Amino acid sequence: MQKLYAVLGDPIAHSMSPVMHNDLFGAYGIHAHYHPLLVKKETLQEAVTGLKAIGISGFNVTVPHKERIIPFLDYVDPLAAAIGAVNTVVNIEGKLQGYNTDGTGYVAGLQTVLSDFKDRRTLVIGAGGAARGIYFALAAAGVQQMDLCNRTAEKAELIKNECPYEVETNVYSKDMAEKVLSQYGLIIQTTPIGMSSAATDMPLSLQHLDSKTFVSDIIYNPLYSPFLLAAKNMGAEVQNGLPMFVYQGALAFELWTGIKPDTNRMKKLVLSHLGG
Ligand code: ATR
């Protein structure tokens with residue numbers, strides 16, 4: 001019988017996960033289909049109960065369900081539990097197991113281009129769900145010094161205080177981060193600033209950027225946010241959000257099937273859908 005996979009979210013029509021996973025099922029000869037499912041906040045519990053009842057093999061969870069899903073799962077992986085968010089669920093003999101591949105997906109994408117990332121002093125801009133996943137995954141991977149800069153300082157303090165992995169962190173205001181910018185070997189932009197192609201806003205000034213700093217932005221549509229483009233124009237090596245998206249999907253696929261998929265194939269497919 002054909003296996004069933006899905007992504008639950010609201011909105012969900014824009015998601016590129018169905019095209020990515022269905023292509024992989026075809027490529028690896030797996031008789032399965034991945035559906036986008038529009039699920040409202042209020043009906044998440046019923047949706048999960050229903051999916052469990054019909055024996056879904058696995059699913060992804062996206063905005064606004066990543067935190068809310070946790071009470072409805074039978075097991076939550078320690079990193080996902082620390083982050084407080086799940087994006088991947090595996091059904092093992094009727095028990096739903098939750099994982100977070102967003103942060104580990106970011107780290108996997110970074111590793112392909114920056115082998116010494118653990119030794120770089122790092123700045124994370126933003127303190128939302130994505131920042132939290134990335135910060136925890138980088139701390140778990142062994143990054144020693146990682147500062148946080150966010151409009152709302154309290155949210156950055158929470159991330160720092162709730163992290164179970166050892167890492168030295170200063171919470172900086174935008175002004176302070178701008179002043180010490182040249183000290184960083186890695187800067188990670190996680191806010192939605194620059195997401196709409198018309199946007200020209202910058203989360204902070206890059207005036208003091210050192211061209212040896214590696215700059216990444218988790219935005220991939222547009223492929224170059226104004227922030228990333230400015231960093232590139234200043235001579236920095238940059239990476240957009242495409243690897244994070246591809247690797248979070250690759251890690252989810254591996255959890256479901258045991259197969260490490262071809263990430264170049266995935267990247268090409270997503271790029272072709274973005275018109276890049
Ligand atoms: P996600 O969970 O996808 O990371 P989010 O929870 O909306 O998204 O978080 C976005 C982050 O970007 C937040 O840290 C937010 O700052 P606040 O904590 O102060 O809300 C930050 N952010 C969003 N829009 C911003 C803006 N215009 N200027 C500065 N920071 C912004």
Side-chain angles (χ1 to χ4, degrees), residues 7-12 14-17 39 41 44 60-70 79-88 98-107 109-110 122-139 146-163 169-179 181 187-206 215-222 225-228 230-231 239-249 252:
V7 54
L8 282 55
D10 179 20
I12 201 61
H14 68 286
S15 172
M16 247 168 314
S17 293
V39 176
K41 266 192 265 195
L44 178 65
N60 283 130
V61 187
T62 188
V63 177
H65 305 311
K66 289 185 187 182
E67 290 97 15
R68 286 185 183 88
I69 185 89
I70 289 180
L79 177 63
I83 295 169
V86 159
N87 78 322
T88 302
Y99 297 86
N100 189 310
T101 69
D102 288 326
T104 44
Y106 176 81
V107 175
L110 185 67
T122 299
L123 174 69
V124 177
I125 306 167
R132 197 175 163 93
I134 290 170
Y135 177 94
F136 282 29
L138 283 173
M146 185 160 42
D147 297 340
L148 286 159
C149 166
N150 190 47
R151 178 176 61 184
T152 313
E154 293 75 17
K155 280 169 74 177
E157 292 285 356
L158 267 186
I159 294 183
K160 174 184 167 177
N161 295 334
E162 290 176 5
C163 184
T169 295
N170 300 298
V171 171
Y172 283 151
S173 64
K174 181 170 176 263
D175 285 356
M176 186 63 192
E178 285 173 348
K179 275 196 197 104
L181 209 66
I187 297 175
I188 306 163
Q189 197 307 104
T190 73
T191 79
I193 300 170
M195 203 123 103
S196 106
S197 50
T200 52
D201 283 357
M202 297 275 283
L204 53 72
S205 159
L206 288 173
V215 180
S216 84
D217 194 320
I218 66 165
I219 293 171
Y220 60 90
N221 192 10
S225 66
F227 179 79
L228 207 60
Q239 185 181 56
N240 66 16
L242 195 56
M244 176 177 177
F245 177 68
V246 163
Y247 277 93
Q248 65 73 32

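Order of listing sets the numbers, starting from 1, for every ligand and every atom in it. As the structure is a computational prediction, the values presented were derived from the model and not from experiment. FYI, side chains are in, hydrogens and waters are out, and symmetry mates aren't considered; it's all heavy atoms of this structure.
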- Item | side-chain hydrogen bond (donor to acceptor under 3.5 Å, both in side chains) between Asp217 and Ser225, intermediate numbers included | CA-CA 8 Å; Asp217 194 320; Ser225 66; 2.6 Å; yes
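- Checked by distance only, ligand 1 and Asn150 come closer than 3.5 Å through their nitrogen or oxygen atoms.
- For a threshold of 3.5 Å applied to N or O pairs, the pair formed by Ile193 and ligand 1 contains no separation below that value.
- Under the rule for a side-chain contact (heavy atoms from CB on, under 4.5 Å), the partners of Ile70 that lie at least two apart in sequence or sit in another chain are Val76, Val86.
- Considering backbone and side-chain atoms together, Thr152 places an N or O closer than 3.5 Å to an N or O of ligand 1.
- Those atoms of ligand 1 with a heavy atom of Gly126 less than 4.0 angstrom away are 14 (O).
- Put simply, OG1 on Thr190 and CZ on Arg132 are 12.5 Å apart, with the number rounded to the nearest 0.5 Å.
- Residue, atom and distance of the protein heavy atom nearest to atom 9 (O) of ligand 1 are Gly128 CA, 3.3 Å.
- Cys163 SG to Ile83 CD1: the interatomic distance, rounded to the nearest 0.5 Å, is 9.0 Å.
- Atom CD of Gln239 and atom CG of Leu110 lie 6.0 Å apart (nearest 0.5 Å).
- The shell of residues lying under 4.0 angstrom from ligand 1, judged by heavy atoms, includes Pro192.
- Nearest protein neighbour of atom 26 (C) of ligand 1, counting heavy atoms only, is Arg151 NH1, 3.2 Å.
- A distance of 9.0 Å separates CG in Leu148 from NZ in Lys160, rounded to the nearest 0.5 Å.
- Between Asp175 atom CG and Cys149 atom SG the span is 9.0 Å, to the nearest 0.5 Å.
- Scanning the protein for heavy atoms near atom 2 (O) of ligand 1, the closest one is Gly129 N, 2.8 Å.
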Show your working on side-chain hydrogen bond (donor to acceptor under 3.5 Å, both in side chains) between Thr169 and Asp147 and close with a plain yes or no. CA-CA 5 Å; Thr169 295; Asp147 297 340; 5.3 Å; no
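- Within the 4.0 Å cut-off (strictly below), a protein heavy atom is located near atom 14 (O) of ligand 1.
- Near Lys155, the atoms of ligand 1 lying under 4.0 angstrom from a non-hydrogen atom of the residue are 17 (P), 18 (O), 20 (O).
- Short contacts between ligand 1 and Ala130, defined as distances under 4.0 Å to a heavy atom of the residue, involve ligand atoms 1 (P), 2 (O), 4 (O).
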